[in-house]
Novice: 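Structure provided below as C-alpha cells; questions to follow.
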Amino acid sequence: MESIGRKKEVTVTVTEEMLACHVGSGDVKVFATPMMIALMEQAASGCVKELLEEGQTTVGTSMNTSHISATPCGMKVTASAEITSWEGKGITFAVKAYDEAGLIGEGTHSRVIVSKERFEQKAQAKLD
C-alpha cells in the first residue's frame, strides 16, 4: 500500500523528564534532542499504523535530523511526519518539530515493516 503525502502530528508538553539534563544528553534544562527524535518517530509510526496488516509494525532504521532551536520546560512541542517514499517494506518520512515559537528541528526518517512477533523473537534469541 502506498500513501505518499500522508501526514501525522503528535503534540506533547515538555516536562522535567524530557530535559537534556534529565535524560543524559547534556546538562541544560531544555527539551532533549533524543526526546525530539522519539516524538518524530512516534509521529512516523502512527502515520502508517492503520495501513499495516494484522501482526505488522514498523521499526526505525535511520534518522537524520537537525535540532536547531532550544525549547524550555512547559512549552508544547509538535512533531510531524509525512511519507515521502514507500518502496516495498521501506518507508521514508520528512519529519519536523515545532514549539510554540516556531521550527525546532527537521530531517528525514526511515522505517521498515516487520512482523512484530518475529522481530521480538529474534531480539530475544540474543539472550540464548
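Predicted, not measured: the structure shown is a model, and the values here were computed from it.
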Novice: Write down the atom of Gly74, the atom of Thr13, and the distance for their closest heavy-atom approach.
Specialist: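 So the minimum-distance heavy-atom pair works out to O-CG2, 3.5 Å.
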Novice: Answer with yes or no whether the side chains of Ser115 and Glu117 bring together a donor and an acceptor at under 3.5 Å.
Specialist: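 Distance-only check fails for Glu117 and Ser115.
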Novice: Would you check, one step at a time, whether the test side-chain contact (heavy atoms from CB on, under 4.5 Å) holds for Ile4 with Thr84?
Specialist: CA-CA 5 Å; Ile4 305 302; Thr84 58; 5.7 Å; no
Novice: Report yes or no: do Ile104 and Ile37 belong to one cluster of Ile/Leu/Val/Met/Phe/Trp/Tyr joined by side chain heavy-atom distances under 4.5 Å?
Specialist: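 Cluster IDs for Ile104 and Ile37 match.
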Novice: When you look at Asp99 and Phe31, which way does the side-chain contact (heavy atoms from CB on, under 4.5 Å) test go after all the steps?
Specialist: CA-CA 10 Å; Asp99 64 19; Phe31 189 52; over 6 Å; no
Novice: Would you say Val28 and Met36 are hydrophobically clustered, going by side-chain heavy atoms of ILVMFWY under 4.5 Å?
Specialist: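 Looking at the clustering, Met36 is in a separate group from Val28.
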Novice: Taking CD in Glu100 as the centre, count heavy atoms belonging to other residues, nucleotides or ligands within less than 6.0 Å. Is the count above 12?
Specialist: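 Correct, the count exceeds 12.
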Novice: Considering non-hydrogen atoms only, spot the tightest contact between Gly105 and Ile68 and give its length.
Specialist: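 That closest heavy-atom pairing would be N-CG1, 4.0 Å.
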Novice: Looking only at non-hydrogen atoms, find the nearest pair between Gly90 and Val112 and report the distance.
Specialist: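 Looks like CA-CG1, 4.3 Å.
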Novice: Got a second to check how far Asn64's CG is from Thr108's OG1, nearest 0.5 Å?
Specialist: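 Reported value, rounded in 0.5 Å steps: 4.5 Å.
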Novice: Within a 6.0 Å radius of atom CD on Glu17, are there more than 12 heavy atoms belonging to other residues, nucleotides or ligands?
Specialist: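 Counting other residues, nucleotides and ligands, CD of Glu17 exceeds 12 neighbours.
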Novice: Looking at Arg111 and Glu41, does any basic side-chain N land under 4.0 Å from a carboxylate oxygen?
Specialist: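 Salt bridge between Arg111 and Glu41, a charged N being under 4.0 Å from a carboxylate O: yes.
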Novice: Among the clusters formed by ILVMFWY side chains lying less than 4.5 Å apart, do Phe93 and Leu52 turn up in the same one?
Specialist: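 Yes, it is one cluster - the side chains of Phe93 and Leu52 are joined through contacts under 4.5 Å.
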Novice: Same hydrophobic cluster for Tyr98 and Val14, using side-chain heavy-atom links shorter than 4.5 Å among ILVMFWY?
Specialist: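 No; Val14 is not reachable from Tyr98 via cluster members.
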Novice: Can you confirm whether more than 12 heavy atoms, excluding those of Gln121, are under 6.0 Å from its CD atom?
Specialist: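 Correct, the count exceeds 12.
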Novice: Between Met40 and Glu106, which heavy-atom pair has the shortest distance, and what is it?
Specialist: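 Here Met40 and Glu106 meet closest at CE-N, 3.9 Å.
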Novice: Without swapping roles, check the side chain of His109 against the backbone of Ser62 for a donor-acceptor pair under 3.5 Å.
Specialist: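 Here the side-chain-to-backbone pair exists.
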Novice: Using the rule that two of Ile, Leu, Val, Met, Phe, Trp, Tyr join whenever any of their side-chain heavy atoms come within less than 4.5 Å, decide whether Ile113 and Leu51 are in one cluster.
Specialist: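 They do share one cluster, since a chain of ILVMFWY contacts under 4.5 Å joins Ile113 to Leu51.
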Novice: Does this structure show an ion pair linking Arg6 with Glu50, if we count only N-O contacts that are shorter than 4.0 Å?
Specialist: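 Yes, this pair counts.
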